[in-house]
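These notes are about the structure you will find just below.
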There are 2 protein chains.
Amino acid sequence: MAAIGQRNRLQYIILGLLNQRPQTGYDLTKAFENEIGEFWQAKHSQIYPMLKRLEAAGEITHEDTVTGEKLAKKQYSLTPAGHEKLVAWVTEPSPELTAIKDEFILKLYFIKSIADPRLQPMLQEQAGLHRAQLAHLRQRQTTVFPNQAAIDQAYGHYLILDHAIEREEHYVDWLEKYLAH
Amino acid sequence: MAAIGQRNRLQYIILGLLNQRPQTGYDLTKAFENEIGEFWQAKHSQIYPMLKRLEAAGEITHEDTVTGEKLAKKQYSLTPAGHEKLVAWVTEPSPELTAIKDEFILKLYFIKSIADPRLQPMLQEQAGLHRAQLAHLRQRQTTVFPNQAAIDQAYGHYLILDHAIEREEHYVDWLEKYLAH
DNA sequence: TTAAACCATGTAATTAATTACATGGTTTAA
DNA sequence: TTAAACCATGTAATTAATTACATGGTTTAA
């Protein structure tokens with residue numbers, strides 16, 4: 001008897017991305033390097049096998065295309081069954097809180113004293129990282145959502161970018177609160 | 001030739017916790033249910049094997065104790081080698097950004113329109129979850145850090161609790177920004 | 001006095017995820 | 001014209017992590 005499948009949210013993300021438009025595994029991989037990556041991570045070595053699994057389950061299909069002389073691509077798209085599964089997932093509750101893995105914060109936990117000489121350099125280093133990330137996200141926002149029409153057409157995408165930007169803003173603010181001036 | 005070991009931060013967290021005071025696997029498991037859990041997750045089934053591995057590597061040792069008539073406990077503590085390894089980890093840079101897995105945000109991405117009838121209930125549900133989490137964290141802060149002396153003795157711990165609280169505050173604020181009034 | 005909650009430690013089976021290996025085509029800028 | 005960057009798809013090996021299985025002791029409150 002097969003197990004229900006341990007959460008396995010990756011499949012739903014793939015279904016959701018393919019619902020927007022037919023795409024290749026490579027396109028999906030790129031999506032994880034942009035805004036999806038702010039809230040979920042996956043490499044191509046996880047994505048390609050999942051595409052095969054979803055196709056075997058009848059939830060997606062693919063069409064072979066060729067670019068240039070012979071570069072083969074597989075354009076995947078949703079089947080009705082896949083669409084149904086996606087809608088069911090989005091509609092059901094999400095009672096689990098965000099899982100965060102933050103190595104820097106973990107290290108902080110083991111700094112016992114405000115006078116530890118490692119504390120300020122650590123805060124500085126992180127401030128640099130998060131300021132760069134914030135700049136990158138703001139840049140993306142202006143390119144992806146240059147006007148209200150763009151926002152209206154992909155409202156959820158707008159929301160998650162906005163959320164990521166605010167998260168980085170507050171992370172930087174928090175670091176600066178403890179940076180010696 | 002054995003691989004270097006794929007990041008494996010869990011071992012460092014365990015070393016760090018044992019550096020504070022000798023503890024059992026059960027105690028460590030509880031730590032992940034409190035503030036550590038805000039930034040890293042691990043179950044007892046991952047912790048007990050890791051304790052054996054660290055002991056085999058000579059980085060921790062244990063002492064057997066008994067509670068009541070016969071409840072056996074293993075009190076683990078750091079060896080000098082373990083302490084050295086912990087210090088090295090805390091001191092080295094942490095150039096990787098926070099990894100976040102947030103199923104709710106992911107679902108939002110697939111909501112195309114502000115008029116989608118699922119949007120407001122989803123925001124409401126999450127607001128409830130994060131308000132409860134925020135209340136829980138604030139409660140912990142008043143019990144764990146009732147005065148300045150407590151803060152001075154575990155400054156890093158104070159910092160990460162403060163960070164978790166601010167994160168939840170801003171998450172709730174963000175949700176409320178998009179909640180219809 | 002007894003049931004629930006908690007303390008305590010493990011292993012087995014399975015799934016998720018990363019890193020490394022492997023190959024080859026296309027486009028772009030120096 | 002050629003090297004770098006990018007497009008494109010996969011598998012193998014390994015490690016990380018979760019869920020389930022397994023067992024038993026102690027404390028607390030009804």
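Because the structure is predicted, anything quoted here is derived from the model rather than measured. Numbered from 1 within each chain, the chains take letters A, B, ... in sequence-line order.
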- Output, in order, the C-alpha distance, side-chain angles, deciding distance and verdict of side chain to side chain contact (heavy atoms under 4.5 Å, CB included) for B:Glu168 and B:Arg131. CA-CA 8 Å; B:Glu168 290 298 331; B:Arg131 281 191 199 112; over 6 Å; no

- Verdict with supporting geometry, A:Lys73 and A:Val66, side chain to side chain contact (heavy atoms under 4.5 Å, CB included): CA-CA 6 Å; A:Lys73 291 189 195 188; A:Val66 170; over 6 Å; no

- Item | Pairing pattern in dot-bracket form [Watson-Crick, G-U; both distances under 3.5 Å; | = partner strand] for DNA chain C | ||||||||||||||||||||||||||||||

- If only side-chain N and O atoms of A:Arg53 are considered, is one of them under 4.0 Å from the OP1 or OP2 phosphate oxygen of C:dA16? yes

- Over 12 non-hydrogen atoms of neighbours within 6.0 angstrom of CD in A:Glu63: no

- Task: Determine: side-chain N/O of A:Lys70 to OP1/OP2 of D:dA8, distance under 4.0 Å, yes or no.
- Result: no

Can you check nucleotides 5-7 of chain C for protein contacts, nitrogen or oxygen pairs under 3.5 Å, and list what you find?
| unit_1 | atom_1 | unit_2 | atom_2 | d |
| --- | --- | --- | --- | --- |
| C:dC7 | OP2 | B:Tyr26 | OH | 2.5 |
| C:dC7 | O5' | B:Tyr26 | OH | 3.2 |

- Task: Please indicate whether B:Glu33 has more than 12 foreign heavy atoms, meaning atoms of other residues, nucleotides or ligands, lying under 6.0 Å from its CD.
- Result: yes

- Message: Assuming nearest nucleotide by heavy-atom distance, tell me which of A:Leu10 and A:Gly68 is located more 5' along DNA chain C.
- Response: A:Leu10

- Item | d(CD1, A:Ile13; P, C:dA16) in whole Å | 12 Å

- Message: Between C1' on D:dT9 and CG on A:Asp27, what's the gap in Å once rounded to a whole number?
- Response: 12 Å

- Item | Length of the line joining A:His62:NE2 and D:dA8:P, which is rounded to integer Å | 15 Å

- Check the pair A:Thr29 / A:Lys43 against side chain to side chain contact (heavy atoms under 4.5 Å, CB included), numbers first and verdict last. CA-CA 6 Å; A:Thr29 302; A:Lys43 313 262 178 187; over 6 Å; no

- Query: Hey, are B:Asp116 and B:Ser113 close enough side-chain-wise for a donor-acceptor pair under 3.5 Å?
  - Reply: no

- Query: Parallel, tilted or perpendicular: which fits the ring planes of A:Phe145 and A:Tyr158, with parallel below 30° and perpendicular above 60°?
  - Reply: perpendicular

- Task: Please state whether the rings of A:Phe104 and A:Tyr171 are parallel, tilted or perpendicular, taking 30° and 60° as the class boundaries.
- Result: tilted

- Message: Would A:Lys112 and A:Tyr109 count as a cation-pi pair here, with the cationic atom under 6.0 angstrom from the ring centre and within 45° of the axis?
- Response: yes

- Task: For B:Asn8 and C:dA17, give me the distance from atom CG to atom P, rounded to whole Å.
- Result: 17 Å

- Item | Separation of atom CD in A:Glu96 from atom P in D:dA17, rounded to whole Å | 17 Å

- Task: Report the distance from atom CZ of B:Phe32 to atom C1' of C:dA8, rounded to the nearest whole Å.
- Result: 17 Å

- Does A:Arg53 pair with A:Glu59 as a salt bridge, N-O distance under 4.0 Å? no

- Message: Whether A:Thr24 contacts D:dT9 is assessed here as follows: a side-chain N or O lying under 4.0 Å from the phosphate OP1 or OP2. Is that the case?
- Response: yes

- Query: Side chains of A:Ser94 and B:Lys107: is there a donor and an acceptor less than 3.5 Å apart?
  - Reply: yes

- To the nearest Å, how far apart are B:Glu55 CD and C:dT9 C1'? 14 Å

- Query: Of all of residues 40-52 of chain A, which get a heavy atom below 4.0 angstrom from DNA chain C, listed by number?
  - Reply: A:Lys43, A:Ser45, A:Gln46

- Could you walk me through whether A:Tyr178 and B:Asp162 pass the side-chain hydrogen bond (donor to acceptor under 3.5 Å, both in side chains) check? CA-CA 11 Å; A:Tyr178 293 103; B:Asp162 182 62; 2.7 Å; yes

- Query: Which whole-number value in Å describes the distance from A:Glu69 CD to C:dG24 C1'?
  - Reply: 14 Å

